[in-house]
Amino acid sequence: MPHCIKSLNSTILPYIPPFLFSIHPNTHTERNPTKEFLSADIHLWFSEMAELDMTSPLLSSPSSYQPQTVLTVYDDQDYEPSNLQSSLPTTILHQNHNHGRTHNENGHHSSPNPYEFLRSGGFSVPASTTVDPFRNETPFISGIYEVIKIVLCLPIALARLVLFGASLVVGYMATKVALAGWRDKQNPMPKWRCRLMWVTRVCARFILFSFGYHWIRRKGKPAPREIAPVVVSNHVSYIEPIFYFYELFPTIVASESHDSIPFVGTIIRAMQVIYVNRFSPTSRKNAVNEIKRRASCNVFPRVLLFPEGTTTNGKALISFQLGAFIAGHPIQPIIVRYPHVHFDQSWGFISLPKLMFRMFTQFHNFMEVEYLPLIMPSDHQKQNAVRFAERTGRAMASALNVVQTSHSYGDLMLLMKAAQLQQDKPWSYMVEMARIESLYHISSLEAVDFLDKFLSMNSDPSGCVKPHDFLRVLQLKACTLSEEFLFGSAHVLKLPLFRQACELAFAECDTDGDNFCTKKELADVLRHTFRELDDDEVQGLFNLFDTDNDGRISRDDFFYCLRKNPLVIAIFSPRLLRKNLSKAGDKMLDDIV
């Protein structure tokens, strides 16, 4: 007999139905149609979307693939126990790897996609890259040579630390003098103040020396500011900003959080820094306008940007932010390399104190800086910042001899979140966020929310969701489908009809029209479909929607919950299938059939 699946239990997260699991083929229970709900349809939908290969543990190989069940939600008139046997169609799923359709005894087709009422045609999960652009290759001290070298360099490290501290203090004091009384920050720094900043620039070179960069190999020369008002560079460590401060003294674009760093915040203010909050559209827009203004005026220093937006390990070039390219000015790319054998100097996924200690305890650290030829935007590229950025990225990747990926700062956020929650392989949760943002219009913050929700489903640090975490009554296989969960949630969230479906679902629950949904109203709506829903399950769902815990569900509560848990909209699909979700007046039910 086929399986019987219940989509709700006494916890909250199970209301995102069990699409993350496969059914054990050898488990049999007596068929009870009142327990056959939308959850299996959601499971089948995700199964259909997953690629049938070694990277998709949800599905077995085609030769061993077992037919699975189609679950039907019955109308009230079909539910009388006396009519049960006669009213149930003999519905079986002929699972086809290309179509995934359901055939009933009349030969009609129906889809196991529970989100088709939102006009979702399904989604595909892009293949993940094997490149990790944030991993430092030498996070730990290993090997006899390294141990001996560190022991021998400890006295040198102490001397270097003194030099570092003295240079930082002297540079800080010189900067304070240069900035004293200067309030007109919208115009270039006066010449006499810039001359005072030479003291700080020389101190910056001593700081590089203290870190073991006794000499720095350069190739090429920086173009005059009048020719190349904007320069861009790859970003591997905190060393590059120190070098560029000494070498070019440019205006930089930096995160607002840098202003509060002791000593450093004061020094970068002297560079007439352009602050930006990467999560604020208004801040990003203002930063772009300021870049345009300063790049177009020769009295300002050249503008330096790190278009990757974060540091990498230098083994790949990740996606570019567009701020440097929107203005359409000529750009000089600069690439930085850190050749090494025993010590990776990249500021990847490694703490700053550990990285500084390793730098202090090296005989010498190597650094190469190469100024590439100017890239002049064509007339078309002046209007298309994306093409201009792609062209610049290709030139830099070719010179570095590295691959380009679609990772972004959002992937680093996912990596840090997974590490914070003590996952065994936190790097496996990176999804190349730049590509995901382009495909699904989902922000990095939303992706982190989805990851947090996915990880809250399990206590296994390996990233596997276990059955007992939210379905205690079933025997289901564990799988590692964090990407499918992210893509599926993002896909449903960004469907054009999702907001309309939320409006109609709330209208269904708000039966008395007071813009609030009570526990009784929610129970009446759900029990129309889920007939065996008990009071504890109703209370769990009510708590999920009542985000402000005031004892009733407002419209804001309802919408906030569905945005955080977009897959939950499927529990309202039986009611919404009877509604017209199209403003143009076409019939949704006909489309679904």
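Residue numbers start at 1 and run along the sequence shown.
No side-chain donor-acceptor contact under 3.5 Å links Asn277 to the backbone of Ser283. For Glu226 (side chain) and Pro224 (main-chain N/O), no donor-acceptor pair under 3.5 Å exists by modelled atom type. Arg302 places no side-chain N or O within donor-acceptor distance of the main-chain N or O of Val230, the cut-off being under 3.5 Å. In this structure a side-chain-to-backbone donor-acceptor pair under 3.5 Å is missing from Ser319 to Ala434. Formation of a donor-acceptor pair under 3.5 Å by the Ser398 side chain with backbone atoms of Arg394 is not found in this model. Panel note: side chain Gln272, backbone Met189; a donor-acceptor pair is recorded below 3.5 Å. Between the side chain of Asn565 and the backbone N or O of Val568 there is no donor-acceptor pair closer than 3.5 Å. Arg294 places no side-chain N or O within 3.5 Å of a backbone atom of Pro229 that could act as its donor or acceptor partner. Panel note: side chain Asn313, backbone Arg135; a donor-acceptor pair is recorded below 3.5 Å. Between the side chain of Asp411 and the backbone N or O of Ser408, at least one donor-acceptor pair lies under 3.5 Å.
For Leu451 against Ala418, the heavy-atom pair with the smallest separation is CD2-N, 4.3 Å. Closest non-hydrogen pair, Val336 versus Ser233, comes out as CG2-OG, 4.0 Å. Scanning both residues, Pro139 and Lys354, for their nearest heavy atoms gives O-CD, 3.3 Å. The two residues Met359 and Ser237 have their closest heavy-atom pair at CE-OG, 3.9 Å. Closest approach of Val492 and Pro566 over heavy atoms only: CG1-O, 3.6 Å. The two residues Cys297 and Arg225 make their nearest non-hydrogen contact at O-NH2, 2.9 Å.
Here the CG atom belonging to Leu168 is positioned 12.0 Å from the CE atom belonging to Met173, to the nearest 0.5 angstrom. Note that the CG atom of Asp132 and the NZ atom of Lys425 stand 12.5 Å from one another [nearest 0.5 Å]. Here the straight-line distance linking atom CG of Leu414 with atom NE2 of His407 works out to 10.0 Å at 0.5 Å rounding. Atom CG of Leu439 sits about 10.5 Å away from atom CE of Met433, to the nearest 0.5 Å. The CD1 atom of Ile267 sits 11.0 Å away from the NZ atom of Lys176 when rounded to the nearest 0.5 Å. The OH atom of Tyr429 sits 9.0 Å away from the CG atom of Leu421 when rounded to the nearest 0.5 Å.
For Tyr275, there are no ring pair (Phe, Tyr, Trp, His ring centres under 6.0 Å) partners at least two apart in sequence or on another chain. Contacts of Phe134 classified as ring pair (Phe, Tyr, Trp, His ring centres under 6.0 Å), with partners at least two apart in sequence or in another chain: none. In this view, Ser406 satisfies the side-chain hydrogen bond (donor to acceptor under 3.5 Å, both in side chains) rule with no residue, not counting sequence neighbours. Residues passing the side-chain hydrogen bond (donor to acceptor under 3.5 Å, both in side chains) test with Arg218, sequence neighbours excluded: Glu247. Every residue meeting the ring pair (Phe, Tyr, Trp, His ring centres under 6.0 Å) condition with Phe263, not counting sequence neighbours, appears here in chain and number order: Tyr172. Annotation: side-chain hydrogen bond (donor to acceptor under 3.5 Å, both in side chains) contacts of Ser257 (sequence neighbours excluded): Ser255. Not a single side-chain hydrogen bond (donor to acceptor under 3.5 Å, both in side chains) links Ser210 to another residue, sequence neighbours left out. For Trp192, the ring pair (Phe, Tyr, Trp, His ring centres under 6.0 Å) test picks out no residue, with sequence neighbours left out.
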**Request:** Would you check, one step at a time, whether the test side-chain contact (heavy atoms from CB on, under 4.5 Å) holds for Thr392 with Val232?
**Result:** CA-CA 9 Å; Thr392 305; Val232 296; 4.0 Å; yes
**Prompt:** Does the side-chain contact (heavy atoms from CB on, under 4.5 Å) test come out yes or no for Ile334 and Leu248, once each step is laid out?
**Reply:** CA-CA 12 Å; Ile334 309 174; Leu248 302 176; 4.2 Å; yes
**From CA spacing to verdict: side-chain hydrogen bond (donor to acceptor under 3.5 Å, both in side chains), Ser444, Glu437** = CA-CA 8 Å; Ser444 298; Glu437 289 176 357; 3.1 Å; yes
**Asked** Do Ser438 and Arg435 pass the side-chain hydrogen bond (donor to acceptor under 3.5 Å, both in side chains) test, and can you show the C-alpha distance, the side-chain angles, and the key distance before you say yes or no?
**Response** CA-CA 5 Å; Ser438 175; Arg435 178 176 56 177; over 6 Å; no
**Message:** Evaluate Leu400 against Leu317 for side-chain contact (heavy atoms from CB on, under 4.5 Å), listing each step before the verdict.
**Reply:** CA-CA 9 Å; Leu400 285 166; Leu317 202 65; 4.2 Å; yes
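Dense packing is recorded around CG of Leu352, with more than 12 heavy atoms of other residues, nucleotides or ligands lying under 6.0 Å away. For Phe140, the CZ atom counts as loosely surrounded, since its 6.0 Å shell holds 12 or fewer non-hydrogen atoms of other residues, nucleotides or ligands. Within 6.0 Å of the CE atom in Met416, the count of heavy atoms belonging to other residues, nucleotides or ligands exceeds 12. Residue Asn401 places its CG atom among 12 or fewer non-hydrogen atoms of other residues, nucleotides or ligands, all under 6.0 Å distant.
In this structure, Phe388 and Ser378 have side chains that are not in contact, with every pair of non-hydrogen atoms separated by 4.5 Å or more.
Annotation: cation-pi pair Arg278/Tyr409 present, NZ/CZ under 6.0 Å from the ring centroid and within 45° of its normal.
With ring centers used as reference points, Trp215 lies under 6.0 Å from His364.
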Name every donor-acceptor pair, under 3.5 Å, that has one atom in a side chain of residues 145-159 and the other anywhere in the protein, sequence neighbours excluded.
unit_1	atom_1	unit_2	atom_2	d
Glu146	OE1	Arg358	NH2	2.8
Glu146	OE2	Lys149	NZ	2.5
Lys149	NZ	Gln362	OE1	2.6

Check residues 196-209 and write down every donor-acceptor pair under 3.5 Å in which the side-chain atom is one partner and the other belongs to a residue at least two apart or another chain.
unit_1	atom_1	unit_2	atom_2	d
Thr200	OG1	Gly171	O	3.1
Thr200	OG1	Thr175	OG1	3.0
Arg201	NE	Phe245	O	3.4
Arg201	NE	Tyr246	O	3.3
Arg201	NH2	Tyr246	O	3.0
Arg205	NH1	Tyr213	O	3.0
Arg205	NH2	Tyr213	O	3.2
Arg205	NH2	His214	O	3.2

Using distance only, find each side-chain donor-acceptor pair of residues 556-563 under 3.5 Å and give its atom names and separation, not counting sequence neighbours.
unit_1	atom_1	unit_2	atom_2	d
Asp557	OD1	Thr547	OG1	2.8
Asp557	OD2	Ser554	N	3.3
Asp557	OD2	Ser554	OG	3.3
Arg563	NH2	Glu446	OE2	2.6

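The aromatic rings of Trp347 and Tyr238 sit perpendicular to each other, their planes meeting at more than 60°, with 30° as the lower class boundary.
Listed by first and then second residue, the side-chain hydrogen bond (donor to acceptor under 3.5 Å, both in side chains) pairs involving residues 321-344 are Glu240-Tyr338, Arg337-Glu370, Asp344-Ser346 (not counting sequence neighbours).
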